[in-house]
Trainee: 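The structure that follows is given in the form of structure tokens.
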Amino acid sequence: MPLLFQLHFETITYLWLLASLLAGMAYAYLLYSNSSDHTKSVRNYLFLIRTVFIALIVFLLFAPPVKTVDYTKEKPLIIIAQDNSASLSISGIKDFNKEKYQKELKALESELSGLYEVRTFNFDSDIKEGLNLNFNGVITDISFALKKITDQFTNRNIGALILGSDGIYNRGINPMYASTNFPAAIYTIALGDTIPKRDLLISNVKHNTIAYLGNQFQIEAELEAFRLRGAKASVKVYSSSGILVSKEIQIDSDEFRQTVPLILPADKKGVQQFIIKIEPLGNELSELNNEQTIYVEVIDGRQKVLIIAHSPHPDIAAIKQSIEVNRNYSVKVIMAADVSVADIGDSDLVVMHQLPSATYNTQSLLSEHVSKPVLYVLGSQTNLTAFSNSQNLLSLVPSGTSQEVSAVVKADFYSFSLSDETKRRIGNWGPLLSPFGNYALKAPGGILLSQQIGKLVTDKPLLFFAESEQNRIGILAGEGIWRWRLEDYQENSNHNASDELLQKTMQYLSSKEDKRKFRVNPSKNAFDENEQISINAELYNDAFELVNIPDVSISIKQKGGKSYSFLFSRTSNAYSLIAGTLPPGEYQFTAQTTLGKVNHKAEGKFMISRQDAELRQTIANHQLMNTIAVQSGGKMIYADQISKLPELLKSNQNVKTVSFEDRKYEEPVNFSIIFFLIVGLLSLEWFLRKRNGLI
């Protein structure tokens, strides 16, 4: 590490140096010129030492900066990154010896270490240091490995990257694009076999994660077959009930691909496991890829909406159609003359269309179900006096017949939000027929739409909501929303705005408050086997304030397997747990805590699915490996050509030692050598004076 000094002199510096010498000489002359107690030679030595010492001290007061130049050399950094995923065990050529290959990689590392700095890594879904390979990674993400290496060795003299892989990846972006940002040549070692082997597999299964109880849902199994022309494949789907569906597929080519649609029933509530399996045909490359397991959450989440009508009206069909666009809702329409207490009791939300009326007073039925959310739609048949007495939100005293009113969206409504496009469309729709009279709110409520009469915007509510301890109430003070639905389609060729308005109304009214004081929820219902299990917990006191004072424990048990115990970590006001990775299977958990003298308990379950992405693609992609090498200025070789890599690196002119020059200016007083020089001069002077009896 060479280090050079260079004084930065200017004209004034020379003058100051001369002045410092004169000051030193003057001081020494005054000190020793009249001394007769020692010989002339001793006096001359003392004079010289004192002159240099004083001159040095004076010079340092305004000394020029010292320029230092530090030279360092950095060897080229050679990085060896080896794919450690399970596909290499399947896609490998027949005579590929994994143990021999590992020894050759380590021998390469040893040979290159004499000339370069060498760092080694292995990767699958993550990247780790070293070449301890077992070829069992369940995911391959080559682009992630390239990015991590690039980030870790930023501003380093990277000579080259040696990348060993079969080119099969199942996570991340295409490595061909990720490699364009790599700052050095990439030499790829192409592993695996590009020749298809006899195999039958399920490459992918497309499915929804949620289905509704009582419905059927479709999944799509993507099948692939190689060198099996003329064979028949039997695709079956299993659940805990046994075989649900079976289908025969004729394989008509040596490289066969087909997407098979399968209809499954959602007949059980909860997270259901479905196994899609192809019966093995014998002598296959692997039978592990002949099946896949999926998890679908079957929920009984459909809200039952009951529309009770005074008489048939086009508004009823418009409301029903808009609500049923959302599969979470089912709608039943019944006339007031035929409704019963049981009908209301079986519903989750009630729409009272022009009720109560002069003919039908249905409030006695609602009085038995005071917790039911209700939407009132007022019209010409509504008995406004009976209506005002039936709820605690609005008092409406009629003073004439109905009038046409347009809708104005209120900006200060916060119970739920509408899209800007829907707000714009509502402002352009035609008027509704609204009861004319005096409107007075009995309780605080949120007004979504107010009435505009002609060009006059009023404070009278058109669509508004209120919430009590028992239920939520909505009131639409007008009839004719069927015209809104038609205008929406006429203007935009869809019903998006009218559907959104009514669906958001239903969602707000029917949403149920979770009053549990202890809630424990996994971040999702189904995890992959290499995915971190994340669980969150919330604890509320009697005032429904979040607290996290007591400890929260959880026991997670695999069905028919081991049990794992954990303690939650505290966040700012709740709890969280990262349980790490667990084996595939079905898990149930029980969490417990004690707040004061009250014990709280929460239970649930989640699934961990086996990750078999490495089994779905068995043909090596050497074209990708070659493209990565060529576009980076490197070269692709095969496993039996590893011994050529040292010569390839030597022939690459970009793989060379880099010398760095570090220049900086420092004050001379900061150098330790100056200190020791001053101390040395003082010590020498003291020694001479002591020796000659002057002290």
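No experiment lies behind these values; they were computed from the predicted model shown.
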Trainee: Does Arg616 form a salt bridge (Lys or Arg N to Asp or Glu O under 4.0 Å) with Glu224? I'd like the steps, not just the answer.
Mentor: CA-CA 9 Å; Arg616 301 176 198 166; Glu224 294 185 7; over 6 Å; no
Trainee: Would you call Glu538 and Lys517 a salt bridge, using N to O less than 4.0 angstrom?
Mentor: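 Judged by the 4.0 Å cut-off on N to carboxylate O distance, Glu538 and Lys517 do not form a salt bridge.
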Trainee: Who are the side-chain contact (heavy atoms from CB on, under 4.5 Å) partners of Tyr414, not counting sequence neighbours?
Mentor: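 Only Asp412 meet the side-chain contact (heavy atoms from CB on, under 4.5 Å) criterion with Tyr414.
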Trainee: With Asp141, which residues qualify under side-chain hydrogen bond (donor to acceptor under 3.5 Å, both in side chains), at least two apart?
Mentor: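 Applying side-chain hydrogen bond (donor to acceptor under 3.5 Å, both in side chains) to Asp141 gives Ser143.
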Trainee: Between Tyr329 and Leu349, is there a side-chain heavy-atom distance shorter than 4.5 Å?
Mentor: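 Answer no - side chains too far apart.
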Trainee: Hey, does the side chain of Glu284 reach the backbone of Leu281 with a donor-acceptor pair shorter than 3.5 angstrom?
Mentor: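 Yes; at least one donor-acceptor contact below 3.5 Å.
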Trainee: Whether the Thr422 and Glu500 side chains hold a donor-acceptor pair (N or O, under 3.5 Å, no angle test) is what I'd like checked.
Mentor: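 There is such a pair between these side chains.
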Trainee: Going by heavy atoms in the side chains, are Ile473 and Pro373 under 4.5 Å from each other?
Mentor: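 SC-SC contact between Ile473 and Pro373 ruled out.
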Trainee: So, do Ile344 and Leu306 sit near enough that their side-chain heavy atoms are less than 4.5 Å apart?
Mentor: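 A side-chain contact exists here, since the closest heavy-atom pair is under 4.5 Å.
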Trainee: Is it true that atom NZ of Lys269 has more than 12 heavy atoms of other residues, nucleotides or ligands lying nearer than 6.0 Å?
Mentor: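 For Lys269, atom NZ is not crowded (no more than 12 foreign heavy atoms under 6.0 Å).
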Trainee: Quick one: are Lys268 and Ser240 in side-chain contact, heavy atoms under 4.5 Å?
Mentor: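 They are in contact (side-chain heavy atoms under 4.5 Å apart), so the answer is yes.
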Trainee: Hey, mind stepping through Asp346 and Lys332 against salt bridge (Lys or Arg N to Asp or Glu O under 4.0 Å) and telling me if it holds?
Mentor: CA-CA 11 Å; Asp346 191 46; Lys332 179 180 179 181; over 6 Å; no
Trainee: Considering only heavy atoms from C-beta outward, does the side chain of Ile189 approach that of Leu105 to under 4.5 Å?
Mentor: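 In contact.
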Trainee: Does the side chain of Asn621 come under 3.5 Å of the side chain of Asp166 through a donor N or O and an acceptor N or O?
Mentor: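 Distance-only check fails for Asn621 and Asp166.
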Trainee: Taking side-chain contact (heavy atoms from CB on, under 4.5 Å) as the test, write out the residues that go with Asp267, two or more places apart.
Mentor: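 Scan of Asp267 (side-chain contact (heavy atoms from CB on, under 4.5 Å), adjacent residues dropped) gives Pro265.
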Trainee: For residues 504-524, which residue pairs pass the ring pair (Phe, Tyr, Trp, His ring centres under 6.0 Å) check, not counting sequence neighbours?
Mentor: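 Ring pair (Phe, Tyr, Trp, His ring centres under 6.0 Å) check on residues 504-524 returns Phe416-Tyr508, Phe465-Tyr508.
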Trainee: Going by heavy atoms in the side chains, are Ile219 and Ile276 under 4.5 Å from each other?
Mentor: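 They are in side-chain contact.
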Trainee: Taking only Lys NZ, Arg NE, NH1 and NH2, and the carboxylate oxygens of Asp or Glu, determine whether Lys103 and Glu99 approach each other closer than 4.0 Å.
Mentor: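 Looking at Glu99 together with Lys103, the answer is no, because their closest N to O distance does not fall below 4.0 Å.
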Trainee: Using the rule given for ring-ring contact (aromatic ring centres under 6.0 Å, His included), can you reason through Phe217 versus Phe274, listing the C-alpha separation, both sets of side-chain angles and the distance that settles it, and then say yes or no?
Mentor: CA-CA 12 Å; Phe217 63 97; Phe274 299 93; 5.7 Å; yes
Trainee: Taking atom CG of Asn170 and atom OG1 of Thr140, what is their separation to the nearest 0.5 Å?
Mentor: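 That separation rounds to 5.0 Å.
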Trainee: Keeping Asn290 on the side-chain end and Lys277 on the backbone end, is there a donor-acceptor pair under 3.5 Å?
Mentor: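 Flag not set: sc Asn290 to bb Lys277 has no pair under 3.5 Å.
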Trainee: Counting only N and O atoms by type, is there a donor-acceptor contact under 3.5 Å from the side chain of Lys98 to the main-chain atoms of Leu88?
Mentor: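 No; judged by distance alone, with no hydrogens or angles, the pair does not exist.
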Trainee: Can you label the angle between the Tyr564 ring and the Tyr587 ring as parallel, tilted or perpendicular, going by 30° and 60°?
Mentor: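 Tyr564 vs Tyr587 ring planes: tilted.
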Trainee: Can you list the residues that meet the side-chain contact (heavy atoms from CB on, under 4.5 Å) rule with Tyr177, with sequence neighbours excluded?
Mentor: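 In terms of side-chain contact (heavy atoms from CB on, under 4.5 Å), with neighbours along the sequence ignored, Tyr177 is linked to Asn174.
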Trainee: Which pair of heavy atoms, one from Ser322 and one from Asp499, lies closest together, and at what distance?
Mentor: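 Scanning both residues, the minimum pair turns out to be OG-OD1, 2.7 Å.
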Trainee: Report the distance from atom CG of Leu509 to atom CD of Gln303, rounding to the nearest 0.5 Å.
Mentor: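 Going from the CG atom of Leu509 to the CD atom of Gln303 covers 11.0 Å.
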Trainee: Give, for atom NZ of Lys372 and atom OG of Ser347, the distance between the pair rounded to the nearest 0.5 Å.
Mentor: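 Output value for this atom pair is 4.5 Å.
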Trainee: Could you walk me through whether Glu603 and Lys601 satisfy the salt bridge (Lys or Arg N to Asp or Glu O under 4.0 Å) test, starting with their C-alpha distance in whole Å, then the side-chain angles of each, then the deciding distance to 0.1 Å, before giving a yes or no?
Mentor: CA-CA 7 Å; Glu603 297 178 333; Lys601 183 178 179 180; 3.6 Å; yes
Trainee: If I take atom NZ from residue Lys423 and atom CG from residue Leu501, how far apart are they, to the nearest 0.5 angstrom?
Mentor: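 CG of Leu501 is found 12.0 Å from NZ of Lys423.
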Trainee: So, taking the atom named CD in Glu297 and the one named CD1 in Ile210, what distance separates them when rounded to the nearest 0.5 Å?
Mentor: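 Answer rounded to 0.5 Å: 5.5 Å.
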Trainee: Looking only at heavy atoms, what is the nearest atom pair of Ala537 and Val520, with distance?
Mentor: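 Closest approach of Ala537 to Val520, heavy atoms only: CB-CG2, 3.9 Å.
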Trainee: Carefully, step by step, assess Arg610 and Asp528 under the rule salt bridge (Lys or Arg N to Asp or Glu O under 4.0 Å).
Mentor: CA-CA 6 Å; Arg610 181 169 63 90; Asp528 294 332; over 6 Å; no
Trainee: Measure the shortest side-chain to side-chain distance between Leu567 and Tyr575 over non-hydrogen atoms and say whether it is less than 4.5 angstrom.
Mentor: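 They are not in contact (no side-chain heavy atoms under 4.5 Å apart), so the answer is no.
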Trainee: Could you pull out all residues at least two apart from Lys605 that satisfy salt bridge (charged side-chain N to carboxylate O under 4.0 Å, His left out)?
Mentor: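 So Lys605 forms a salt bridge (charged side-chain N to carboxylate O under 4.0 Å, His left out) with Glu586.
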Trainee: Would you check if Leu191 and Asp83 make a side-chain contact, meaning some heavy-atom pair closer than 4.5 Å?
Mentor: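 No. Closest side-chain heavy atoms not under 4.5 Å.
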